[in-house]
Amino acid sequence: MLVSCQPKCSGEWLRRWRFLLALETFSCPLSALAAAVQSDSSSADEKPNVVPDNKIIRRRSRALSSESVVQTLHCLKRKPADAFAYFKDTESIGFHHDFSTYAEIMHILSHSRQGKMLVSLFCDIVSPTGSGGPEILALMKHLRRTCASHTLSFAINCLIKAYTICHDAQVTIDVLSHLCRLGYVPSAWACNFVLKFVAESSGSEMVVAAYEQLKCSQMTLDADSLSIVTRSLLKAQKADKAFQLWVEMIELGVRPHEYSSFVIGLCDCGKYDLAYGVLQGVTKERVPIEAVAYNMVIDGLCKEMKLEVAEKVLDLKAKQGCSPDIYGYSYLIRSYCKMNNVLKALDHCEAMEFHGIKINCHIAGYLLQCFSKLGKTSEVIVYFEKFKDSGIRLDKVVYNIAMDAYCKLGNMNEAVKLLNEMMTRGLAPDRIHYTCLINGYCLKGNIRSALQVFEQMLKTNIVPDIVTYNILASWFCRTGLVKEANLLLGHMMDQGLENSVTYGVAIDGFCRAGHLSDAVVLFNEVEEKGINNIEALHTAMVRGYLHSGSTGLAYKLFLRVARQGSLVDSFSCSKLINGLCREGNVKGASTVCSMMLEKGVVPDRISHTELIFAYCEAGDMHNAHLWFERMVQLIPPDVIAYTVMMNGYSRAGQFKEACYLFDRMTKLGIEPDAYVYAVLLNGSLKETLKREWPGLGNESRGLLLRTKHNKLWGNMQDIGVEPDVYCYTVLIDGLCKAGFLREAQGLFDEMLQKGLQPDAYVYSALIHGYCEQGEIKKAEALLQEMRCKESTRRPETNQYEEVRSWVDMGGISETDIQDGIGDEAVFDLFRDEHHLYRLVIRGKWYSLGRPSLKASADGNASVVIETSAGPSSSFARATIKITECSAEEGKEGTRVIWTFDPTWLGWRTGFTPTIEIRGQNCSLS
């Protein structure tokens with residue numbers, strides 16, 4: 001044996017070790033082990049400078065035994081660094097440590113709480129590339145039998161740390177869970193260390209999985225655990241899951257200590273409502289929260305326009321003792337100004353001043369911009385001067401708002417003064433300020449001054465942007481300055497700012513000024529030359545054609561562009577559909593809708609409804625139905641679309657289909673309005689008169705009519721729809737046509753009791769009914785009452801004089817007219833919101849269609865309207881404004897033509913509508 005007996009102390013052991021080494025005849029310095037024992041202050045990490053010869057190492061390792069190493073380690077237990085150095089050196093000379101030596105060194109390091117050395121030891125054991133060692137669980141079991149619980153807990157912490165160094169997150173979690181199942185209780189530090197390791201090396205899902213696994217293993221989780229998991233989830237934008245865990249931990253009795261961080265994290269994820277809920281909870285517990293957390297919640301709620309809740313957070317902040325600051329008030333003021341609620345914004349400004357917080361230039365800008373959007377231009381100037389006098393250092397944005405206000409007021413001198421004042425305060429104007437002045441001068445029509453500002457802008461090396469050029473180009477074109485517009489566009493081209501938007505603005509300006517030919521010339525030149533975003537140019541030209549009333553040209557351009565694979569914007573398409581429908585080109589409107597769908601653009605609800613209405617007016621219910629069903633698949637129809645279809649079916653004599661649509665609409669949750677019921681009432685009346693009226697006695701007719709009307713009337717009352725004037729008009733007209741004047745008069749009185757003002761239709765229906773039954777006095781009384789009503793204004797042209805024109809032409813006697821309805825409302829034109837017209841002659845309404853108006857009078861004193869539609873009573877009133885009258889003799893007698901102004905009726909210009917009257921005895925007086 002190299003060592004025959006064991007030394008009693010480390011000093012004796014060292015002396016013997018040195019003696020034995022001296023007997024050996026090899027020149028090698030002391031090993032690291034000897035050096036460690038010689039110096040108490042030496043580090044365990046130090047390594048020997050020279051590696052002994054392998055032969056000597058093998059000789060030394062054969063001289064050691066497990067018992068001797070254990071006893072030596074035991075002697076060094078009060079010097080754990082020396083013990084660990086000895087352990088490592090013996091290993092380096094070839095000694096293979098066994099369970100006993102590992103158990104002894106682990107015991108020494110655990111008791112002395114040498115974490116770094118213990119972690120290194122565990123790493124050698126558990127590492128896949130390490131030197132290996134005994135089973136780690138057996139070592140832990142031995143340690144549990146021989147050590148106190150706190151020493152065992154320290155060892156477990158080091159073991160877990162070693163696993164995080166040598167293995168991945170999942171292996172570490174599994175080991176920790178396995179230890180827990182074996183009865184080892186890891187500390188909260190160990191759990192949190194593992195969670196932190198998982199959070200840094202894996203995703204949030206792994207963190208949650210680790211958290212759940214640790215929780216199921218009955219491990220100790222504390223506020224730090226909660227913070228680690230929630231922080232990881234919030235970083236991954238999983239705020240709902242983080243909030244759920246937060247609530248669960250609180251229910252388990254864990255008291256979080258990072259409320260502010262959690263609230264800020266929720267705000268970063270956009271979960272301001274959840275953050276507000278946390279603030280409400282901590283306010284009751286009097287937990288201190290940082291002011292920045294409150295401000296972030298207020299800012300988020302304001303961005304979501306939940307201003308009442310944001311104000312509650314501001315109150316919570318004050319209750320918690322946080323000093324008011326400018327940020328919370330600024331967020332509220334900004335949002336109220338965005339909503340154009342300037343009164344609430346001013347209230348918060350007053351609250352700021354009450355707490356001694358001064359308004360800054362940003363808040364001043366919010367208020368001035370709000371006044372500007374509301375059109376309160378004078379208030380902009382007043383508050384600007386107020387802010388300036390209060391000493392607020394105003395920025396360029398605020399000055400620009402004030403300059404814009406002066407420009408809108410037409411006070412360009414003050415706007416220029418503000419520009420100069422701004423420069424004297426060291427604020428350099430930019431292109432926005434100069435563009436504001438240019439726009440102001442253009443609004444006043446002072447193009448010369450606008451050009452001077454533009455030149456000054458160029459001299460100061462401020463490059464105009466596309467907005468500046470668009471303003472100038474638009475006003476050049478609107479004022480007919482074609483040459484100047486072309487020069488400006490050329491200058492833009494030189495500056496590299498040529499674009500389709502500016503050309504579109506120029507085309508729009510030409511068309512608005514009535515210079516369609518100039519717009520077409522510019523369009524052709526640019527299109528031939530080629531330009532990027534050519535679709536914008538096509539869109540502008542289509543709109544220009546439509547604005548000029550050239551719907552046909554707009555349609556041709558649309559087709560050409562569509563066949564080339566492009567499409568004008570959806571707004572222009574909608575205007576084109578509207579224009580084609582108004583001119584009766586339903587097929588063209590249908591083509592536009594179809595091409596939009598082929599390009600993946602869905603026409604809006606209004607365009608669909610207009611197309612369906614046009615088909616209904618043309619009596620083509622088949623295509624109306626097809627487009628309605630297509631609309632159902634693309635855009636849910638509203639009550640207007642359903643009403644148009646129901647009215648179309650009613651007019652086409654398909655009342656059952658109208659009722660089916662009504663039931664379908666109500667089942668979808670679309671609430672009918674009074675107009676819907678009026679359509680159904682009118683349709684029911686027509687159906688009754690056409691199919692069920694013949695063959696019935698007077699009493700049966702009255703019962704049938706009342707039954708059907710009462711059913712719809714009761715349905716209206718059940719859902720809370722109050723009948724309007726139109727509903728009463730339909731019912732009164734129906735009763736009058738059926739001869740039930742007493743019931744009609746009762747409804748008329750009911751209207752008056754409800755405060756509804758009857759219009760000319762109601763009076764005309766009653767007057768005509770009384771005239772039909774020969775009750776002229778009652779008709780005259782109603783006529784006199786209608787005159788006195790303020791709601792029924794007399795037309796500018798005396799209608800009786802118009803009647804006399806008819807009488808003088810012959811064919812209709814003055815007596816006949818006066819016997820009919822008197823000297824009022826004999827010859828009127830009626831128009832509804834869809835621009836369909838009715839001619840009223842002798843109290844009867846006739847459909848005239850669109851755009852042709854023709855009427856003829858024969859020698860038998862009766863009026864015939866050339867139209868396929870029947871009488872109707874559902875249109876508003878308008879009076880023809882006669883512009884010209886002429887007569888000519890023909891084979892059939894005198895032909896009298898009255899020409900009237902189409903714009904008087906809201907029609908487009910470009911054609912001359914006429915009313916033609918023919919009769920054997922016609923004459924023009």
Side-chain angles (χ1 to χ4, degrees), residues 291-292 294-296 298-303 305 307 310-311 313-315 317-318 322-437 439-440 460 462:
V292 64
Y294 284 106
N295 291 336
M296 288 188 69
I298 294 172
D299 183 30
L301 293 172
C302 288
K303 289 178 180 177
M305 290 302 162
L307 303 187
E311 288 175 333
V313 177
L314 190 66
D315 294 337
K317 180 181 176 183
C322 292
S323 300
D325 55 32
I326 195 172
Y327 299 105
Y329 285 111
S330 177
Y331 300 145
L332 284 166
I333 293 170
R334 177 195 64 196
S335 299
Y336 275 119
C337 288
K338 189 175 181 180
M339 292 179 63
N340 296 330
N341 191 342
V342 70
L343 295 179
K344 288 288 290 184
L346 291 173
D347 289 342
H348 284 292
C349 287
E350 292 179 2
M352 285 179 61
E353 294 175 349
F354 176 79
H355 288 99
I357 305 171
K358 293 184 178 180
I359 295 174
N360 60 18
C361 65
H362 299 292
I363 295 177
Y366 298 148
L367 291 171
L368 295 182
Q369 189 66 41
C370 183
F371 280 123
S372 179
K373 287 191 298 182
L374 292 173
K376 298 183 178 181
T377 311
S378 300
E379 283 81 351
V380 173
I381 304 303
V382 171
Y383 276 88
F384 172 79
E385 295 296 334
K386 177 182 176 181
F387 293 144
K388 189 170 62 172
D389 294 340
S390 64
I392 300 174
R393 185 173 179 81
L394 303 176
D395 59 9
K396 295 193 294 184
V397 176
V398 177
Y399 270 98
N400 182 70
I401 297 172
M403 287 172 58
D404 181 67
Y406 277 121
C407 290
K408 288 178 180 178
L409 292 173
N411 194 342
M412 297 306 299
N413 292 332
E414 291 296 328
V416 173
K417 285 182 181 179
L418 278 185
L419 183 72
N420 296 329
E421 178 184 313
M422 188 177 73
M423 289 189 287
T424 58
R425 295 193 175 192
L427 300 173
D430 54 25
R431 61 170 170 258
I432 298 177
H433 299 85
Y434 283 108
T435 301
C436 178
L437 288 178
N439 188 49
T460 53
I462 297 176

Q: Show the nearest heavy-atom pair for residues Pro429 and Leu419, with the distance to one decimal.
A: CB-CD1, 3.5 Å
Q: Would one find more than 12 heavy atoms of other residues, nucleotides or ligands at under 6.0 Å from atom NZ of Lys373?
A: yes
Q: If every non-hydrogen atom of Ala405 is compared with every non-hydrogen atom of Thr377, which pair is closest and at what distance?
A: O-CG2, 3.2 Å
Q: Please round to the nearest 0.5 Å and tell me the distance separating atom CG of Asn400 and atom CG of Leu437.
A: 9.0 Å
Q: Do any N or O atoms from the side chain of Asp395 and from the backbone of Val398 form a donor-acceptor pair under 3.5 angstrom?
A: yes
Q: Specify the closest pair of heavy atoms between Ile298 and Ala310, including all atoms of both residues, with the distance to one decimal.
A: CG1-O, 4.0 Å
Q: Counting heavy atoms not belonging to Leu427, are there more than 12 under 6.0 Å from its CG?
A: yes
Q: Can you find a heavy atom in the side chain of Lys317 that is under 4.5 Å from one in the side chain of Asn295?
A: yes
Q: Taking side chain as C-beta onward, heavy atoms only, is Met352 less than 4.5 Å from Ile333?
A: yes
Q: Shortest non-hydrogen contact from Cys349 to Leu367?
A: SG-CD1, 3.5 Å
Q: Could you walk me through whether Val380 and Tyr406 pass side chain to side chain contact (heavy atoms under 4.5 Å, CB included), step by step?
A: CA-CA 9 Å; Val380 173; Tyr406 277 121; over 6 Å; no
Q: Give the C-alpha distance, both sets of side-chain angles, the deciding distance and a yes or no for side chain to side chain contact (heavy atoms under 4.5 Å, CB included) between Val342 and Tyr383.
A: CA-CA 12 Å; Val342 70; Tyr383 276 88; over 6 Å; no
Q: Check whether any side-chain N or O of His348 sits under 3.5 Å from a backbone N or O of Ala345 as a donor-acceptor pair, and report yes or no.
A: no
Q: Quick one, Arg393 and Arg425 - any side-chain contact, counting heavy atoms below 4.5 Å?
A: no
Q: Are any non-hydrogen side-chain atoms of Tyr336 and Cys370 less than 4.5 angstrom apart?
A: no
Q: Are the side chain of Ser335 and the backbone N or O of Tyr331 linked by a donor-acceptor pair below 3.5 Å?
A: yes
Q: Do the side chains of Ile363 and Asn360 get nearer than 4.5 Å, heavy atoms only?
A: yes
Q: Looking only at heavy atoms, what is the nearest atom pair of Asn411 and Glu414, with distance?
A: ND2-CG, 3.2 Å
Q: If you look at every heavy atom in Met422 and Ala428, which pair is closest and at what distance?
A: CE-C, 4.4 Å
Q: Can you find a pair of side-chain heavy atoms, one from Met339 and one from Leu307, that are under 4.5 Å apart?
A: yes
Q: Mark yes when over 12 heavy atoms from residues, nucleotides or ligands other than Lys338 sit less than 6.0 Å from its NZ; otherwise mark no.
A: no
Q: Just verifying a value: how many Å separate Tyr366 OH and Cys361 SG, rounded to the nearest 0.5 Å?
A: 9.0 Å
Q: With a 4.5 Å limit on heavy-atom distance, are the side chains of Arg334 and Asp299 in contact?
A: yes
Q: Rounded to the nearest 0.5 Å, what separates atom OG in Ser372 from atom CG in Asp404?
A: 5.0 Å
Q: Would you call the rings of Phe384 and Tyr399 parallel, tilted or perpendicular, where under 30° means parallel and over 60° means perpendicular?
A: perpendicular
Q: State, with a plain yes or no, whether a side-chain heavy atom of Met423 is found less than 4.5 Å away from one of His433.
A: no
